[in-house]
Amino acid sequence: MTGFLIEFRRSPMRWAALPLFAASVAMVFFVGGSWQGSWPETSAATTRAAVPLMIAGVGLAAQQASRLRRSGSDLLLAARPLPQVELTRLAADAAWLSLVYLLCTVAAWATAVGAPGGPWLEYPVFGLSGIVFALALGHVLGRLAPTRFTGAVAAIGGFLLFSLVFSTNFSPLAYTAFYHAIDVRLSSVHLTWRLVVMALALAAACTVGRLLETGGRRVATSGTGAFFSAATLIAVAAMPGSGSLLLADREAEEPVCAPGGGSSVCVWPEHADRLPEAVEAAGKVARAAEGVLPPPARYSEHGLGDGGTGGFTLDHGSRDLLHTLLLELTDAHKTWCEDESEKDLQNRVNAGLRLEAWLEARATRSAELPSYDYAGDVSWQQEVRDVLTLPEPRQVETATTWAEEMRAPC
Amino acid sequence: MLIVDVKALHQGYRGKPVVRGVSLGLGAGAFGLLGPNGAGKSTLLRSLATVSAPTSGTLRLFGHDVRTRKELRAARRGIGYLPQSFAHPADFTVTDFVRHCAWLREVPRRDIPRSASEAIEQVELQSQAGTPLRKLSGGMRRRAGIAQAIAGRPALIILDEPTTGLDPHQRVRFRELVRELARDSCVLLSTHLVEDVAHTCARMGVLYEGTLRFVGPPAELQALGTADAPGDTPLERGYATALGAPPVQDRGGAQ
């Protein structure tokens with residue numbers, strides 16, 4: 001503990017902590033899309049704080065390791081267990097950066113207090129593992145190439161590495177994890193792999209110090225350093241990098257439900273405060289479809305149900321909510337025939353499209369059709385526009401015809 | 001039991017043989033190692049401090065054969081080492097530096113603050129305890145280096161050119177300190193300056209071209225001196241005469 005406290009007190013991170021905190025808070029609150037309001041989105045947004053911390057971590061750790069090597073104090077330390085010394089130094093730097101990261105996380109979480117549910121803890125773990133990896137990487141670079149400019153070069157290299165090579169959410173070392181949808185969480189496989197890579201990188205950083213030296217006492221340590229360095233590279237290369245592994249479907253939980261539009265409208269617990277919004281939208285859909293299609297027994301948010309189009313979504317605005325509810329409604333009445341001719345199938349599809357466009361226009365009380373990009377022949381849209389100008393009974397009559405065509409038996 | 005037990009130790013530096021078959025046995029007390037530049041003093045001390053492994057020969061410290069990692073680590077806990085030249089990150093304060101080195105030597109945690117304070121006091125750096133190393137003069141930095149080597153009173157204290165940069169008052173004070181430390185520990189110090197060892201060490205050795213040419217008490221070295229040997233004092237003449245003597249093998253013994 002003595003060594004840790006001394007290193008913690010003298011770590012250069014102590015000077016960098018305040019500006020890094022400001023940069024990290026700015027990244028979380030002002031860069032990227034809006035996220036306030038729900039725990040899942042807030043939790044994912046906190047990973048943005050790791051961006052400046054990882055870049056600075058690579059540079060500062062490299063500079064410190066390089067400076068120590070150039071200072072010649074290795075001779076004084078040479079009689080001591082080097083991995084222990086290295087680990088203590090890294091732990092002190094990691095403690096500073098983790099502190100900054102956790103403060104940013106707490107600041108973001110504070111905005112979500114009162115929202116249903118709770119923080120998704122895998123996101124801070126995701127961010128912290130990235131920060132520790134970056135520190136270890138910087139330390140290795142500083143040890144292997146101890147020059148006056150190692151820190152700056154490592155920071156620039158780290159920026160390029162993390163922002164270009166590992167820039168997407170599908171990269172094995174993505175440094176931010178974006179919020180995707182309420183029904184997916186960070187994959188435990190991916191998270192475990194990240195933690196393994198982090199541990200290997202730390203082990204490499206603690207043992208690589210003498211990699212380039214061949215002095216008798218350090219041969220064993222050199223071999224260990226080479227082993228852990230190679231293992232880290234292999235682990236990064238072999239790391240699951242596809243989106244399907246970064247994210248995993250979430251286990252359905254007991255939903256929060258309320259009646260709306262003659263149906264039961266159900267959402268994920270974290271969206272309980274947005275249930276009235278969904279209920280109101282379900283009411284609009286039901287009123288628009290009155291006399292044409294009966295409401296389903298239940299509307300489920302995306303990921304909660306096991307049928308229909310997969311559920312409605314609340315994450316992309318009220319128009320999208322309405323649209324996905326409509327699709328849920330019509331999908332429950334669609335018939336799909338295996339051996340249908342292409343022409344009959346097209347007619348059936350077009351009938352559904354007409355009905356959905358008409359329902360959406362009515363639900364939004366607009367004479368305009370939704371401006372979605374439809375592939376193929378879109379002449380049916382004019383027909384819908386014409387129908388929207390007819391008196392109410394005629395509109396319902398026509399829409400009922402489309403509904404019949406859509407759900408006609410095979 | 002001998003604290004340092006070296007037999008037929010050979011040690012190279014950058015591929016060249018520097019220490020050639022040194023045998024030496026040391027118990028508690030002060031032992032001064034004299035020799036001209038390039039004689040191999042620092043290389044020998046690095047070996048004894050376990051910084052570098054001997055090319056051949058055996059080295060036992062406190063009875064530990066330092067060839068195995070476990071024994072090596074156990075031995076290192078008992079070694080305080082001041083290299084001939086060293087630099088520590090300059091932002092360390094004197095106190096943190098000494099505490100850090102004590103921690104590196106695995107001095108028990110609860111003893112570190114007291115040990116560090118004592119060591120700093122012994123080298124008379126109390127007034128600079130909170131000063132970063134970069135703000136110290138060369139002599140003060142040397143004293144901080146001595147403080148880190150003696151903190152926690154290790155059983156073996158190896159000081160390579162400890163008096164370099166010290167003013168006359170500090171050199172006198174240093175000799176007193178070595179005499180005090182030598183009551184319980186083995187203090188092994190190297191120097192070019194005959195008078196440094198003459199006043200502090202019960203035994204001394206003369207190393208020349210990688211081999212020991214003399215091992216014994218200062219009086220014996222003094223008696224060795226011939227009238228035509230260069231030097232201003234009998235001891236210096238003895239030292240100069242020893243440089244031309246054939247290699248000797250120390251059997252080890254009380255100091």
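For the numbers below, each heavy atom of this structure counts, side chains included, while hydrogens, waters and symmetry mates do not. Naming convention: chains lettered A, B, ... in sequence-line order (proteins, then strands); numbering from 1 in each chain.
Only the side chain of B:Arg73 comes within less than 4.5 Å of a heavy atom in chain A; its backbone stays farther off.
Surrounding CZ of A:Phe159 are at most 12 heavy atoms belonging to other residues, nucleotides or ligands under 6.0 Å away.
Across every non-hydrogen atom of A:Ile6 and B:Arg99, the tightest pair is CD1-CB, 3.6 Å.
Taking 4.0 Å as the cut-off between side-chain N and carboxylate O, A:Arg9 and B:Asp96 count as a salt-bridged pair.
Side-chain contact between A:Gln84 and B:Trp103 is present, with at least one heavy-atom pair separated by less than 4.5 Å.
Considering CG of A:Leu5 and CD1 of B:Ile112, their distance stands at 10.5 Å, rounded to 0.5 Å.
Evaluation of the salt bridge (Lys or Arg N to Asp or Glu O under 4.0 Å) test over residues 115-138 of chain B, restricted to residues two or more places apart or in two chains, returns B:Arg114-B:Glu118, B:Glu124-B:Arg173.
Every residue was checked against the side-chain hydrogen bond (donor to acceptor under 3.5 Å, both in side chains) condition with B:Thr95, not counting sequence neighbours, and none meets it.
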